[in-house]
Amino acid sequence: MVCEAWIENNRPALDAYFGLESKPEFNMVLDFDQGRGCYNSIYYYDGRILASTLYENPSKIKAYGTFIGNHDEYMGRIGTWYGGYVPGIKLITAMSLMRPTVPFIYYGNEIGMQEGNYNGDLRLRTPLDWEDVEKQRNDNSSILSLNKALLVLRKEYPALFRNGTVTELKSQTVDNNENFVYTAAAYTISDGKDTLLCVYSLANISDNKFWFDRGGLDISSYSVLIGVNNEKNLSLYHHPLYDLSYIQVKYIAPYETRVYYIGDDKKEMLFTDKRLFLRGDMNSWGYNEMFYDSENSCFYVDCELKLKNYQFKFDAYCDWTLSYGSGEENLNGKSVSSGVNVQTSSTKGKNTNFLFTPSSSGIYRFTFYEDDNTFVITQEYE
């Protein structure tokens, strides 16, 4: 029997609904703290918030029901929170499902559906967008596909997600002033037989590298189950002055979720998150994330350009481990024209940028086709 008691920040009051051993009451209670913790950890870029609201099931016969959003004025729809921004929706989805509790998925959240144009909680109860469901079914990198992959993972390790133990790996990442930063979160779920390591990037920052407490974890053998790629990006860092070793997570994309199986390097990847970033003079060599169009197998992004030269490349993971440039050494960049399809190359090398000079100021769309790694630039409007 499931209890819905809207209680936040009062664990004793919530747990009281389980009853006593001599007089048990509910088998499961809905946990409003854990969903709020997911949202707040992203909003404040602080992994400590996520860790402080991770509660495993109390026993084999008692469980927490966890969720992100419902039919009431609890948190609203995740699609609206993030303005339809898919990486943010995927991140909080993974946070909610990757914990040893019983997950509840409020209808529509599995596709990132946004709120309707109604007052009050009626905006949360609009009909399911079946057209979007069909579209996402055909996209193996969609929000729906991520939900399916995470549920497959839970089914594969039922004991782990039923009665596993959560262990936080505290951040050992510091900024240039030697202050600790918490823009990523990491924890393990283990039942003594199987162990998963979950790592989340909580900020819109590129070229990330993070360090965490090792927590006794042996990372000599592991597999990537969820992520933008299956690159083995875990390593041990040994402190030069003290007898300490940390886990380094090298290269993780903005708002990326990476889930590792520890102890076996032969596990198959369950979900690959397709991402692409435009990096160049138009964003001071930061990045513009490109939107994925599954129906046309392409990524696209619009940029406002002035009458000047722009050098640029496409970066697959926002860490330069796989980028698409001209493949030709040219200090000034290989010149490209508007409206012309251009072949890219993943060959590494210096000064392999493209060069584009717009004919007039305006909004230009960069479209990258994944089937043949070509791109085209078109002017949308002045």
[X] side chain vs [Y] backbone, donor-acceptor pair below 3.5 Å:
X      : Y      : answer
Asp33  : Arg11  : no
Arg154 : Arg99  : yes
Asp315 : Asp319 : yes
Ser284 : Gly286 : no
Asn138 : Lys135 : no
Ser142 : Gln136 : yes
Ser52  : Ile49  : yes

Please test Gln343 against Asn373 for side chain to side chain donor-acceptor pair (under 3.5 Å), starting from the C-alpha separation and ending with a verdict.
-> CA-CA 6 Å; Gln343 183 66 54; Asn373 295 338; over 6 Å; no

Pair [X], [Y]: side-chain N/O donor-acceptor within cut-off below 3.5 Å:
X      : Y      : answer
Gln379 : Ser359 : no
Ser345 : Thr347 : yes
Thr357 : Asn309 : yes

Can you give me the closest heavy-atom contact between [X] and [Y], atom names plus distance?
X      : Y      : answer
Ser221 : Asp265 : OG-N, 3.2 Å
Phe161 : Met98  : CZ-CE, 3.7 Å
Gly47  : Leu202 : N-CD1, 3.4 Å
Arg258 : Asn230 : NH2-C, 4.4 Å
Val133 : Leu144 : O-CD2, 3.9 Å
Thr321 : Tyr251 : CG2-CD1, 3.6 Å

Take the angle between the ring planes of [X] and [Y] and call it parallel below 30°, perpendicular above 60°, tilted in between.
X      : Y      : result
Tyr237 : Trp211 : perpendicular
Tyr85  : Tyr255 : perpendicular
Tyr287 : Phe277 : perpendicular

Test the Lys232-Tyr222 pair against the cation-pi criterion, namely NZ or CZ under 6.0 angstrom from the six-membered ring centroid and within 45° of the ring axis.
-> yes

Does Arg77 make a cation-pi contact with Tyr107, if we ask for NZ or CZ under 6.0 Å from the ring centre and within 45° of the axis?
->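 The answer is yes; both the distance and angle limits are met.
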
For the aromatic rings, using the six-membered ring if either is Trp, is the centroid distance between [X] and [Y] under 6.0 Å?
X      : Y      : result
Phe18  : Phe26  : no
Phe375 : Phe356 : no
Tyr74  : Phe32  : yes
Phe314 : Phe299 : no
Tyr310 : Phe366 : no

For salt bridge (charged side-chain N to carboxylate O under 4.0 Å, His left out), just list the numbers for Arg48 and Asp46, CA-CA rounded to whole Å, side-chain angles, deciding distance to a tenth of an Å, and then say yes or no.
-> CA-CA 5 Å; Arg48 294 172 297 181; Asp46 194 335; 2.9 Å; yes

Candidates Leu153, Val152, Leu150 - the one meeting side chain to side chain contact (heavy atoms under 4.5 Å, CB included) with Leu225 = Leu153

Decide side chain to side chain donor-acceptor pair (under 3.5 Å) for Tyr381 and Asp302; before the verdict, give the C-alpha distance in whole Å, the side-chain angles of both, and the deciding distance to 0.1 Å.
-> CA-CA 10 Å; Tyr381 50 88; Asp302 294 338; 5.9 Å; no

Take Lys62 and Glu21 through the salt bridge (charged side-chain N to carboxylate O under 4.0 Å, His left out) test and state the conclusion after the steps.
-> CA-CA 11 Å; Lys62 299 177 183 178; Glu21 186 175 348; over 6 Å; no

Report the distance from atom [atom1] of [X] to atom [atom2] of [Y], rounding to the nearest 0.5 Å.
X      : Y      : atom1 : atom2 : answer
Lys306 : Ser360 : NZ    : OG    : 11.0 Å
Glu4   : Tyr17  : CD    : OH    : 11.0 Å
Met95  : Lys90  : CE    : NZ    : 15.0 Å
Gln311 : Leu355 : CD    : CG    : 6.0 Å
Tyr45  : Ser201 : OH    : OG    : 11.0 Å
Asp191 : Thr195 : CG    : OG1   : 7.0 Å

More than 12 heavy atoms from other groups under 6.0 Å of [atom1] on [X]:
X      : atom1 : answer
Asn117 : CG    : no
Ile61  : CD1   : no
Lys267 : NZ    : yes

Could you tell me whether the side chain of [Y] reaches within less than 4.5 Å of the side chain of [X], counting heavy atoms only?
X      : Y      : result
Thr257 : Phe271 : no
Tyr187 : Tyr200 : yes
Met75  : Cys38  : no
Leu54  : Glu168 : no
Val224 : Glu231 : no
Leu234 : Leu197 : yes
Arg123 : Glu73  : yes
Leu196 : Leu160 : yes

Ser41: what forms a side-chain hydrogen bond (donor to acceptor under 3.5 Å, both in side chains) with it, not counting sequence neighbours?
-> none

Charged N to carboxylate O under 4.0 angstrom, Arg275 versus Glu256?
-> no

Derivation and outcome, side chain to side chain donor-acceptor pair (under 3.5 Å), residues Tyr82 and Tyr39 = CA-CA 10 Å; Tyr82 297 106; Tyr39 174 76; over 6 Å; no

What residue among Phe368, Phe312, Tyr324 forms ring pair (Phe, Tyr, Trp, His ring centres under 6.0 Å) with Phe354?
-> Phe312

Evaluate side chain to side chain donor-acceptor pair (under 3.5 Å) for Tyr64 paired with Asp15, printing each intermediate quantity in order.
-> CA-CA 9 Å; Tyr64 292 124; Asp15 290 346; 2.7 Å; yes

I would like to know whether Asp72 and Arg125 meet salt bridge (charged side-chain N to carboxylate O under 4.0 Å, His left out); could you show each step before the answer?
-> CA-CA 9 Å; Asp72 288 325; Arg125 308 182 187 191; 3.7 Å; yes

